[in-house]
Amino acid sequence: MTDLYAVMGNPINHSKSPQIHSEFAEQTSQDIVYSAMQVPLDGFESAVKNFFTKSGKGLNITVPFKEQAFKVADKLTIRAQTAQAVNTLILQEDGTILGDNTDGAGLVGDLIKNHKVPLKGQRILVIGAGGAVRGILQPFLSEQPDSITVVNRTFEKAQILAKSFNEFGSISACEFDELNQPFDVIINGTSASLSGQLPPIPQCVIDENTVVYDMMYGKELTPFLRWSQENGAAKVLDGLGMLVGQAAVSFELWRNEQPDSQAVLLNMRKQLKS
Ligand code: ATR
């Protein structure tokens, strides 16, 4: 029998998840249907209950419902607990719903597997301290970097994050004007690129060995990646691989089959450019 999956969000019409998961299903010969569901802003919980009552097997959750999904889940993985947000719901055999967050694993996998960028022992700068950054810190720290420095426009938010994650590894907060040396890996987790802006970051954080990743992506390089390239970064990478990567981790959780995310990523990249 065909198993039902969906992504819930509002708005949802630009979601690439149905295409990604349909390609994964085709690759691995899984009999599934994956649809996009626009959910009213005040109707998330009932939409989730309804979906699972009508024999749905799993959901992806996107903006603005990830924090509500965290509350709806019966159980949570450690990475979902630390993210305080859920992007994947999984119907368990006993009928309960497990909440997970695959965003950080998607990003870590994109860096390590797709781009051969090691994280162990590296000095990492994370820019931003919102929900997107909270979602990736535990998976990053579990790769045992030398250190993670969190810098944010609102310094207090960076301090709070650093404090709440320091049980998982070496993490500290700093202000933009305290940055005075290069990092091995820089992650832009701010939403500045959405409005065509750059975080106020000094050039000295980049040298010829620095890999720069923006969690956003688009047809062109994001303003932050363009700036990094102009300032001599070794590599600049956008968040399309993270999008496909988080989907691949969700798919594996649901179906116990590992899809070929590289092939799907290549297709998505071609479409984005055309
Ligand atoms: P998300 O869920 O995408 O992380 P968020 O929780 O609203 O969204 O967080 C947005 C992040 O981008 C914050 O770290 C924000 O900085 P503040 O905490 O100071 O608001 C950061 N941000 C957004 N626009 C920015 C800009 N133009 N320059 C620097 N940081 C910016």
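One-based numbering, in listed order, for ligands and for the atoms of each. For reference, positions follow the sequence shown, starting with 1.
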Taking the six-membered ring for Trp, are His21 and Trp254 parallel (under 30°), tilted (30 to 60°) or perpendicular (over 60°)? tilted
Classify the ring geometry of Phe44 against Phe65: parallel below 30°, tilted from 30° to 60°, perpendicular beyond 60°. parallel
Linked hydrophobic residues, Ile206 as query - side chain contacts closer than 4.5 Å: Leu125, Ile127, Val151, Phe176, Leu179, Phe183, Ile186, Leu198, Ile201, Val205, Val212, Leu221, Phe224, Leu225, Trp227, Val236
Charged N to carboxylate O under 4.0 angstrom, Lys120 versus Asp146? no
Could you check whether Lys75 pairs with Asp94 (Lys NZ or Arg NE/NH1/NH2 to Asp/Glu carboxylate O, under 4.0 Å)? yes
Give every pair made of an N or O atom of ligand 1 and a protein N or O atom lying under 3.5 Å apart, one pair per line with both atom names and the distance to 0.1 Å, or write 'none'.
residue: ligand 1; atom: 4 (O); partner: Gly131; partner atom: N; Å: 3.1
residue: ligand 1; atom: 4 (O); partner: Ala132; partner atom: N; Å: 2.9
residue: ligand 1; atom: 6 (O); partner: Gly131; partner atom: N; Å: 3.1
residue: ligand 1; atom: 12 (O); partner: Ser191; partner atom: N; Å: 3.1
residue: ligand 1; atom: 14 (O); partner: Ala129; partner atom: N; Å: 2.9
residue: ligand 1; atom: 14 (O); partner: Asn152; partner atom: OD1; Å: 2.7
residue: ligand 1; atom: 16 (O); partner: Asn152; partner atom: OD1; Å: 3.3
residue: ligand 1; atom: 18 (O); partner: Asn152; partner atom: ND2; Å: 2.9
residue: ligand 1; atom: 18 (O); partner: Lys157; partner atom: NZ; Å: 2.6
residue: ligand 1; atom: 19 (O); partner: Arg153; partner atom: NE; Å: 3.1
residue: ligand 1; atom: 19 (O); partner: Thr154; partner atom: N; Å: 3.0
residue: ligand 1; atom: 19 (O); partner: Thr154; partner atom: OG1; Å: 2.5
residue: ligand 1; atom: 20 (O); partner: Arg153; partner atom: NH2; Å: 2.9
residue: ligand 1; atom: 27 (N); partner: Gln197; partner atom: OE1; Å: 2.9

As an exercise, state the distance from CD of Gln27 to OG of Ser261, rounded to the nearest 0.5 Å. 8.0 Å
